[in-house]
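Everything on this sheet refers to the single structure shown next.
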Amino acid sequence: MVRYPFLRLWGMPLVLVILILFGLLAALLGTGIWHPLSWMALSVPMLTIAWYVLKKRQ
Amino acid sequence: MIKAKNIKRCFFVHRWTSLICSLFLLVLCLTGLPLIFGDEIDGWLNPHPPYEVLPAGTPMAGLDGIVHTARGRYPGEIVTSLFIDDDEPQIIVHLSTSWAEVMKDHPDSTHYIRFDARTAKVLEDGGTRAAQKKTFIGVMLDLHRAMFAGLPGELFLGFMGLLFVLAIVSGVLLYGPFMKKLDFGIVRKERSSRLRWLDLHNLLGIVTLAWMFVVGMTGIMNELSTPLFGLWQMTDVKAMLAPYHGKPAPSPDEMGSVQAAYDTAHEALPGMTVTSVVFPGAPFASSQHYLLWAKGNTPLRSRLFSPVLVDGRTGRLSALVKMPWYLRTLEVCRPLHFGDYGGMPLKVLWTLFDVATIVVLISGLYLWWARRGFYGS
């Protein structure tokens, strides 16, 4: 990943954008299993924030 | 590669769009928090006694009887609309002294009576005028939608939403050059507090980017809904109703059965649920027709409402109205602003995203303030 500067910079943001859009639409357009899938997808950004805010730097 | 000159431009746009909208956006984020749980808070602050337990599948009581009861309670007033809940077994009848009064659109211009949808018993009579007071959620909604300023307030907040979206876009453009040499998510705590807040601003902003963008855009769309519906009314609806223009509305005695109108709409739209009926005479609908709103039964189609016009005297079908594309888009996207469409976990997540947005706004203000001080000294 270090060798691809574009991915190093934009990889995580892109993954998060895709997860959020998936989460927002899954709950809107689906029923049943799509709701838990939506909750899981939307939890990832929140966990990401918690991880980086709480993490100790080496 | 973004050139230095363009970075400067982006920075200029980012600073000014966010500075102008930040305080209003903070109000929106804060009033939005209780609105996410609006149904729960309303149910908790204004509890209804539980519904009578009846066997599942008990049919709906006749609408004519319900309307008759409502008119009997308030002789001399007109029934303006009724709402048939598809969530709870209740039917709400709205009354007013006249259509002119309804059009004034102030809190006292209409009042309601709640009926049990199966037994047609009166559950609650909201009473007229002074007896009705605003609920907490109602006040929050007024503040959130229009800052108590009606349509001008809606348009103003819509414009603030536009600035917010511009701030998001320019923020993303700045993220690249800012983070080029840094790892994703870095929060430098041991250096200056300005640096720590800058890192937090960048982290929370980029992580919640898509949510802020979607909620911002759908917020703008919601603020534009009044003029968009008005536009439709003044063009398509007006053209459709032109043949009936100027004819007097049927008096309550001349009015055909509302139950018949309901049945007509049901037959015309199999598989759809009628959720509300506007009575003949409404200045925003038709003087000659019952206007019924029906919605579909799948997750997507349940967001799409189809208007049906039924002759107010004969109860015969007059027209199935097709909504224009811009209103259909608005209706489908609308829930994306509220986060109330995926159960309690989605509401909790919505709250967390909202709080993250508040942190982005406040850290942004702080960064501007700190930098300002830095140049000043």
Side-chain angles (χ1 to χ4, degrees), chain A, chain B residues 1 172 175-191 196 199-200 202-215 218 297-303 332-353 355-356 359-360:
Chain A
M1 196 136 143
V2 181
R3 265 177 284 162
Y4 300 96
F6 179 82
L7 279 186
R8 182 172 165 267
L9 183 61
W10 292 107
M12 273 299 278
L14 278 174
V15 169
L16 290 165
V17 164
I18 291 164
L19 278 172
I20 290 176
L21 292 182
F22 167 81
L24 293 180
L25 293 177
L28 184 68
L29 305 177
T31 46
I33 185 69
W34 292 102
H35 282 202
L37 286 177
S38 154
W39 305 333
M40 279 191 262
L42 291 174
S43 301
V44 175
M46 292 299 117
L47 294 172
T48 307
I49 291 176
W51 169 262
Y52 284 105
V53 169
L54 300 176
K55 161 171 129 160
K56 295 239 168 12
R57 285 189 72 216
Q58 285 96 19
Chain B
M1 195 69 257
V172 173
Y175 180 83
F178 252 94
M179 297 298 289
K180 210 168 60 181
K181 299 220 164 59
L182 298 170
D183 289 328
F184 175 85
I186 192 167
V187 183
R188 289 162 289 182
K189 293 174 184 162
E190 63 285 351
R191 312 265 288 275
R196 187 176 61 202
D199 286 344
L200 268 177
N202 287 342
L203 170 64
L204 268 64
I206 201 71
V207 168
T208 57
L209 160 69
W211 184 88
M212 290 195 294
F213 188 80
V214 168
V215 174
T218 48
N297 290 336
T298 64
L300 178 62
R301 294 193 173 279
S302 71
R303 319 272 177 219
V332 173
C333 295
R334 199 169 237 174
L336 287 171
H337 190 74
F338 308 128
D340 60 353
Y341 56 89
M344 188 44 87
L346 189 69
K347 293 187 178 191
V348 173
L349 284 160
W350 221 260
T351 309
L352 295 174
F353 274 98
V355 171
V359 177
V360 174

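Computed over heavy atoms, backbone and side chain alike; hydrogens, waters and symmetry mates excluded. Just so it is clear: chains get the letters A, B, ... in the order the sequence lines come, proteins before strands, and each one is counted from 1.
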In terms of heavy-atom proximity below 4.5 Å to chain B, should [X] be classed as side chain, backbone, both, or neither?
X       : value
A:Val15 : neither
A:Leu54 : backbone
A:Trp10 : side chain

For the student: nearest non-hydrogen atoms of [X] and [Y], plus distance:
X        : Y        : value
A:Arg8   : B:Lys180 : NH1-O, 3.3 Å
B:Lys189 : A:Lys55  : NZ-O, 3.4 Å
A:His35  : B:Tyr341 : CE1-O, 3.6 Å
A:Ala27  : B:Gly342 : CB-CA, 4.2 Å

State, with a plain yes or no, whether a side-chain heavy atom of [X] is found less than 4.5 Å away from one of [Y].
X        : Y        : answer
A:Pro13  : B:Leu209 : no
A:Leu28  : B:Pro335 : yes
B:Trp211 : A:Leu21  : no

- Over 60° means perpendicular and under 30° means parallel, so classify the ring planes of A:Tyr52 and B:Phe184, tilted if in between.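 Ring orientation of B:Phe184 relative to A:Tyr52: perpendicular.
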- Heavy-atom pair count under 4.5 Å with chain B, highest-scoring of A:Leu24, A:Thr31, A:Leu16: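 Top count of heavy-atom pairs under 4.5 Å with chain B: A:Leu24.
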Hey, could you give me the [atom1]/[atom2] distance between [X] and [Y], rounded to the nearest 0.5 Å?
X        : Y        : atom1 : atom2 : result
B:Arg303 : A:Leu29  : CZ    : CG    : 8.5 Å
A:Leu42  : B:Leu352 : CG    : CG    : 10.5 Å
A:Ile20  : B:Met212 : CD1   : CE    : 9.0 Å
B:Ile206 : A:Thr48  : CD1   : OG1   : 12.5 Å

Counting only heavy atoms closer than 4.5 Å, note whether [X] contacts chain A via side chain, backbone, both or neither.
X        : value
B:Phe213 : neither
B:Leu182 : backbone
B:Val348 : neither
B:Asp199 : neither
B:Leu349 : side chain
B:Lys347 : neither

- With chain A, which of B:Gly343, B:Gly339, B:Pro299 has the greatest number of heavy-atom pairs at distances under 4.5 Å?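 Of the candidates given, the most pairs with chain A belong to B:Pro299.
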- Output the option from B:Leu204, B:Leu203, B:Val207, B:Thr208 having the highest count of non-hydrogen pairs under 4.5 Å with chain A.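 The candidate making the most pairs under 4.5 Å is B:Val207.
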